[in-house]
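One structure is given below, encoded as structure tokens.
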There are 2 protein chains.
Amino acid sequence: MKQAPSPTIQPVDSQPSRTSMQQRAVDAIRDLIVQGELPPGCRLQEQALSDYLGISRTPIREAFRALAAEGLVVIKPRRGAMVREMDLDELSDTFQVIASLDALAGELAAVHATGLEVERVASLHERMVESYQQGDMLEYFKLNQAIHRQIAASSRNPVLERQLQALNAQVQPYRFDINNVSENWRRSIADHEIMLEALRARDGARLHAVLRNHLPDKLFLLNKLRELRTSGRRRRIA
Amino acid sequence: MKQAPSPTIQPVDSQPSRTSMQQRAVDAIRDLIVQGELPPGCRLQEQALSDYLGISRTPIREAFRALAAEGLVVIKPRRGAMVREMDLDELSDTFQVIASLDALAGELAAVHATGLEVERVASLHERMVESYQQGDMLEYFKLNQAIHRQIAASSRNPVLERQLQALNAQVQPYRFDINNVSENWRRSIADHEIMLEALRARDGARLHAVLRNHLPDKLFLLNKLRELRTSGRRRRIA
DNA sequence: CTATCGGAATTTGCTTGCAAATTACAGTTG
DNA sequence: CAACTGTAATTTGCAAGCAAATTCCGATAG
């Protein structure tokens, strides 16, 4: 009886167990991408990241594969990995899917959210409006995302939550660009007011409808981007 | 001028280039899982698959990571990989997401599908009804899926198409179980009739509504499954 | 006969190393 | 001066090998 911790059976799977090199690599690289340190189109060299993270190449390679399946990285055989570069069409497509899933999440959240969760959304909403009034863009967007994450969590559908998380990560590197074009915060705030109202009233259909067309900082601003670029064309083979 | 193919620039990225060991491993293992040869819960041993596929362990490991991010495999650190096992809740959650995305796909397809594509759906539908009348279950389900795939393709949203493909792959191993409980084909066929009608009429809203609640062989039958099991419980530490 | 303990065998995680392919660069030529 | 060719350097893909952790299995005690 040296170190019998529990009389019956120890729930082995409870703790996520300490991080493996591979997991550390995935998380580190994902962060670098989502935070924008590794911008879209950036080449990911195995050796370079291996040195930088102090992890040998093999787990780095495995991390690339995982991130590729997540949609954050593109791997071309024999030519290495690069941060996925989305053109405006892909961004638009992705936002469309996100909006659709957000709507589903809202509809489900209207049914399943606890009172506490509703109030948490309300609190986040208040703070978001404050940030808006103070012009604190960064905080505004963080709270905006926090609200959407909370709604996803309240949907009680982990699969849905997971999908949303993955898709949002994919567009995250572009959010910052979009932030600069900030006009229609008003509309977004108004949408959020309605959302909160609908959530409190447990009106799933209404939440669905609003979220479906919410596109807070999304599609609306893509056209702006479309104008702003025009120069940064992709290689067009003529 | 030995082999100058084009006078300007050769489109380097056109061909997918020949398959690497890693890619072969991913495809082979995915097939084994989706086809049901490696059933849910089945342990995936690196050495065993390495021997079986004639590929060394490294690319196999990379394949595991990729499939894990796709949602087909679960990896527990230091304990190996196994084919993902979905309980009924997860299945239900996944079908909910699929239905939502199918609805979006239908709505978009109503707008973007070419006349040819509409007729292709019509043709698939006819053959599906035939298979139904002849009681050819396997063919019926194949055509059913083909219809949904065609609608996804006609949505002209590759991101959406990709998501649907991934999610459908995840539930694929369970479809066969579900096939055995075949009662409400009628309802499914009726839905499909309406879908085709709506698609021809370019009625996106109607297509959306039908697909949203289509759940052809899906949720409806889950309860059946729930009864049928009760014995095949997971290890419950109790 | 059941349950617990200890050691051997298997299995995973990671490092290292090598061959092949790609990329970069420099010299040469038109 | 620009474009092309050939070679060198980098980089990826894969395989083998070693250490650590886990699992398996038999032995022992209750």
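Chain identifiers are assigned alphabetically (A, B, ...) following the order of the sequence lines, protein sequences preceding nucleic acid strands; residue numbering begins at 1 within each chain.
As a whole-Å value, the separation of B:Arg78 CZ from D:dA20 P is 10 Å. Between the CD atom of B:Glu46 and the P atom of D:dA21 there is a distance of 17 Å, given to the nearest Å. Following rounding to the nearest Å, B:Leu49 (CG) and C:dT10 (P) show an atom-to-atom distance of 18 Å. Atom CE in B:Met21 sits about 13 Å away from atom P in C:dA20, given to the nearest Å. Counting to the nearest Å, the P atom of D:dT12 and the NZ atom of A:Lys76 are 14 Å from each other. What separates CD of A:Glu62 from P of D:dG13 is a distance of 13 Å, to the nearest Å. To the nearest angstrom, C1' of C:dC14 lies 15 Å from CG of A:Leu53. Here the C1' atom of nucleotide C:dT12 and the CE atom of B:Met82 are 16 Å apart, to the nearest Å.
Contacts of A:Ile75 with the nucleic acid, taken as non-hydrogen atoms under 4.0 Å apart, are absent.
Under 4.0 Å is where a charged nitrogen must lie from a carboxylate oxygen, and between A:Arg24 and A:Asp27 no such pair does.
Between A:Gln45 and D:dT11, a side-chain N or O to OP1/OP2 separation shorter than 4.0 Å is present. At least one side-chain nitrogen or oxygen of A:Arg61 sits closer than 4.0 Å to the OP1 or OP2 atom of D:dG13. Distances shorter than 4.0 Å separate some side-chain N or O of A:Arg79 from OP1 or OP2 on C:dT23.
The base of C:dG13 is paired with the side chain of B:Arg57 by a donor and an acceptor separated by under 3.5 Å.
Nearer the 5' end of DNA chain C, as judged by each residue's closest nucleotide, is the contact made by B:Gly80, out of B:Gly80 and B:Thr58.
Side chains of A:Tyr140 and A:Ser188: a donor on one and an acceptor on the other come within 3.5 Å. Between the side chains of B:Asn157 and A:Gln96, at least one donor N or O sits under 3.5 Å from an acceptor N or O. A donor-acceptor pair shorter than 3.5 Å can be found between the side chains of B:Ser154 and B:Gln150.
For B:Arg43, the side-chain atoms get nearest to C:dT12 when compared with the rest of D:dT12, C:dT16, C:dT12. Across C:dT11, D:dA15, C:dT15, the shortest atom-to-atom separation from the side chain of B:Ser56 is found for D:dA15.
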- Task: Starting from the C-alpha separation in whole Å, work towards a yes-or-no answer on side-chain contact (heavy atoms from CB on, under 4.5 Å) for B:Leu44 and B:Ile75.
- Result: CA-CA 9 Å; B:Leu44 299 174; B:Ile75 296 176; over 6 Å; no
